[in-house]
Structure formats: C-alpha cells, structure tokens
Amino acid sequence: MRLSRYFLPVLKETPGDAQVISHQLMLRAGMIRQTAAGIYAWLPLGQRVLQKITQIVREEQDRAGAIEVLMPTIQASDLWKQSGRYDAYGPEMLRITDRHDREMLFSPTAEELFTVIFQNGARSYRDCPRNLYQIQWKFRDEVRPRFGVLRGREFLMKDAYSFDLDFAAARHSYNRMFLAYLRTFARMGVHAIPMRADTGPIGGDLSHEFIVLAPTGESDVFYHENWEKGRDTSAVDADDAAGLATWIDALNADYAATDEMRDLAAEAATGPALKQSKGIEVGQVFYFGDKYTKAMGVTVSGPDGAAVTPLMGSYGIGVSRLVGAIIEASHDKDGIIWPEAVAPYKVALINIRADDAACVAAADKLYAELTHAGVEVLYDDRDERGGAKFATADLIGLPWQLVIGPKGVAAGTVELKRRGGDKLEMTAENAFARLTA
RNA sequence: CGGAGCGUGGCGCAGUCUGGUAGCGCAUUAGACUGGGGGUCUAAGGGUCGCAGGUUCGAAUCCUGUCGCUCCGACCA
C-alpha cells in the first residue's frame, strides 16, 4: 500500500480524552476514532490488526476442533427469559424495542442462543462432543467505559461453547480450550497467564482468566514467578485426554490467581516466588455443566435411548481488547511496537527523498518485488522529509523499516532496521531475502 | 449510580472570575527555499464558542435547564 493513497490520519498530539497509553497510541496512529462512550470506529490500520488477531484466533480454534458459526447481534428476549438471565443480567444488557413493541436485546454473550442452536441440530450422543464458536461483536452497557478498547461497550469477542455427555469429556473440552488459548496468545507474541478466576454471572464452578501483565491493567493478580516465562506447547497432544490433563495440572501447580480468587495459604506456600502485578484479562474459560442445557430443556439420546442433558463450557477471547492489551505490553516513547504476527503491515518502506528520481526508482522497485513476494508493505512515498516519515513509521510500529536514501542508492545499499533496533546496511537483494525468509 | 471536571476551527489549548462582537500552537491549502529523525519563510482558508431558554444596549463570558464526554469510586469480557 502506498501511503500517499492510504487513509492514515495520524495525530502529532495526544487527544485529551485518552488516559492510557494504548488508547493514546491507537488514536495517534490512526487506528480508531471514538464515536460515543465506549464505542469506536476502526480505521484501516486498526481494522488490519483486528483481522490479524481474528485470524490467529480462528486458526487455533479450528485446530482445537471448534467449529465456526455466526450468530446475530440482535436477539429476541424470549430465550433470555427462559434461562432467567433476562432479569438477572441487569442494566448491562442493552435492551431494544422493535416497531412491534417486541423486546429485543443486543447480545452481551450467547450461551442461550448457542444452546438452542445446538439442540436444534443435535439429537443423539453421536452429536457430542461439539464445540461451536463465533467471532462477533458484543455489546455490554458498562456503567463506566474507559481505557479505550480495553473497556469499551461494543467489543469484538470470540465466544465458544462446548457440549459433552459427561464430566470427563467436558473437562477434556475445557482443557482443549485451555491449551488452545495458550497457543493463541503465544502466537500473537502475548504472554498471557492463566489464573484461577471467579465465574461471575455466567455461572459455573471452574474457570480461568488469561491475564496479560501490564501496569495499566484493571485486575490485581498474584502468581508464581515461574509464570513469567513462556510455556512450550509444541509437544502437547490435545487428543490425549489424560496426557493433556496431566500437563495442565502440572502447569497449574504454580500458583496464579486473580484478586477475587486469592488463596492466602497457597500464597504463603509459594513464599518469595510470589509475584504481584496488574493485569489485563484477554480471555476466560468456564465450565458450568448443565446450567443452560437444563434451563433450556436440552437433551440428546444416549446409547441406551435415555435422554442425556449435555454439559457445557464457554470460552471467550476479547479480540478488540487484545489490540489494546498488546500495545500496553509492547510500545516505547515513539509509538507502538507490533509483534510481527499481528502487525498491520510487516514493513515500512521509506523513501526519504521523494524528489530524487534514483531513490524513487529504487524504492518503487523494492515495493513491487516485496509486494509480489507476498510481503505486506506500507510504502511511504509521500513528499515529506525523512524525519516525518521515520516518526510516522515509529508511531505505527511496523516491525521492519526499510529505508531508501540517496547515499545508499549511490553506494548500492539500503538500510533495514527492526522497529526500535539498529540499522543495518545491506544490498537491496539481501534486504529482500531477509524480509521474505 | 455517588463524587469531581470538561465541552471554544481537524487536534492541543488560552480567553470565562472582572460581559464589549474570538486568539495561539499544530494540522490544512498555495508558492519559494530546504532535504537522513516530526524543516523555514510568505500568503490563505477554516470556528459564533455543545444545545435551548433567560438576564442585558450588548453574552464564549452571568443565570436556568439540557445533552455529551472524561476522571475517582462502586461494577465489569
């Protein structure tokens, strides 16, 4: 993409409304604009990051055996009355009346709908286990939205719902998602720690929150220092129920809990290895058994013909929140530093002399070659000074900066640098090789 | 929802106390110079001061109401 033809409204100054760094940088980098309290328009750069995150989530859900669907954002109230949550959810649920005075709502989560959709398509024990998921906008009418996309009212969430015949199978479904979440966040370059968590209004008795450590986080968290290093999931076999359970139990032997779930005895046992921090919740997994299937009257026929009420779990990832969380965890004074997997473009190609024919030719050539090779390049071909281009590139945080200038062109070299790292001079061919490796 | 604050060109702000017909920086447009980390000069365009009502000869400024946004707290993917 040529920047001269793009829509990238960057700001030199920080808008006064933005308090936390991720919100400030998202506004300055032209990723989002606020349209109402807790509601944001996603501009091209922000939309690309959202898409990158969405795709990683999707691939890992698919890999874990979950099946993608898409539910409506607007739902009728009757299902929610059936489960009892129409009243229980309270004012956080945005209620809407249609032209016929029917009570509708903007879905804050979708246990009820998934449950009846499952029932509608499932008849026998052969239809379990199943895990259905969607990546869809949700709306929760927060009393006090804040921190940009970290606590918006409208947010993009992946929500998955598993259906199993017995507890052992349900627990395995839970563990599969647990593993999938570790893999998902690791792929994004995010270190998320699973912590024992409260189940809240979703209900149930087993839950973990996946927390990204960041000083601006809203949750107080406590964990064993072992959690500060990443975990290798490559050898774990998600289909081996016993092996997976053992592996997860071993992980969870290291203490990690949110404020509401603190276990002072366990903390004392952890001793000096106990760490305290602030964190941002980017995902949560729940097991809640037959809470919804029972309320909604869902059954399947067992092998013996008797009706079985499936047991459920639900699994959320805050996709739009992750955009903010990643920035909170990865930025410097000049701007965002995107992990490569979620960067809106891989390379900022900077021609620092748009008035120099040789530079333009060299930059155009590299742009064409890289684009042809499938590398996502944002080509700053504007007639701006070098300084302005560097500042923009640093602000939007693309992982690589490829700089074309008159000195280099004369010497037959370009400069390649990692965002925030050192410049390396090399031939255009070598730069191309590095970026396509 | 309790407490606090703020709405003035696209963005950041001053002006409000002590009413007299709107100002600064950045951005934008044009031209020239410049050209390796947000350049310089010249010129230009753009706001009726959130909205409504009131007081006054006169309101961004005072009063009343209202809408919106932000922060602290309670709450929360």
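A note on names: the letters A, B, ... follow the listed sequences, proteins ahead of strands, and every chain is numbered from 1.
A ring-centre distance under 6.0 Å is found for A:F178 and A:F210.
For A:K346, the NZ atom is densely surrounded, since the number of other residues' heavy atoms within 6.0 Å is greater than 12.
Both A:I404 and A:M157 lie near RNA chain B, and the one whose nearest nucleotide falls closer to the 5' end is A:I404.
In this structure, A:R130 fails the cation-pi test against A:F118, since its NZ or CZ atom is not both closer than 6.0 Å to the six-membered ring centre and inside 45 degrees of the ring normal.
Remark: A:R321 in residues 315-349 of chain A come within less than 4.0 Å of RNA chain B through at least one heavy atom. Listed by residue number, A:E415, A:K417, A:K423 are the residues of residues 413-425 of chain A with a heavy-atom contact under 4.0 Å to RNA chain B.
You'll find a donor-acceptor pair under 3.5 Å spanning the side chain of A:R28 and the base of B:G38, going by distance alone. Side chain A:R385 to base B:G39: a donor-acceptor pair is found below 3.5 Å.
Between the A:T436 side chain and the A:F432 main chain, a donor and an acceptor come within less than 3.5 Å of each other.
Between A:F390 and B:G38, no base-stacking contact is recorded for ring centres under 5.5 Å apart and planes less than 30° from parallel.
In this structure, A:Q34 does not reach the B:G68 phosphate: none of its side-chain N or O atoms is under 4.0 Å from OP1 or OP2. One finds a side-chain N or O of A:K12 lying less than 4.0 angstrom from the OP1 or OP2 phosphate oxygen of B:A27.
For A:Q19, the listed nucleotide lying nearest its side chain is B:U70; candidates were B:U70, B:A77, B:U34.
Among the heavy atoms of the strands, none lies under 4.0 Å from A:G90.
The gap from the P atom of B:U21 to that of B:A60 amounts to 10 Å, rounded to the nearest Å.
Base pairing annotation: B:G25 forms a Watson-Crick or G-U wobble pair with B:C11, both donor-acceptor distances under 3.5 Å.
Side-chain contact between A:T109 and A:Y89: present, with at least one pair of heavy atoms (C-beta onward) separated by less than 4.5 Å.
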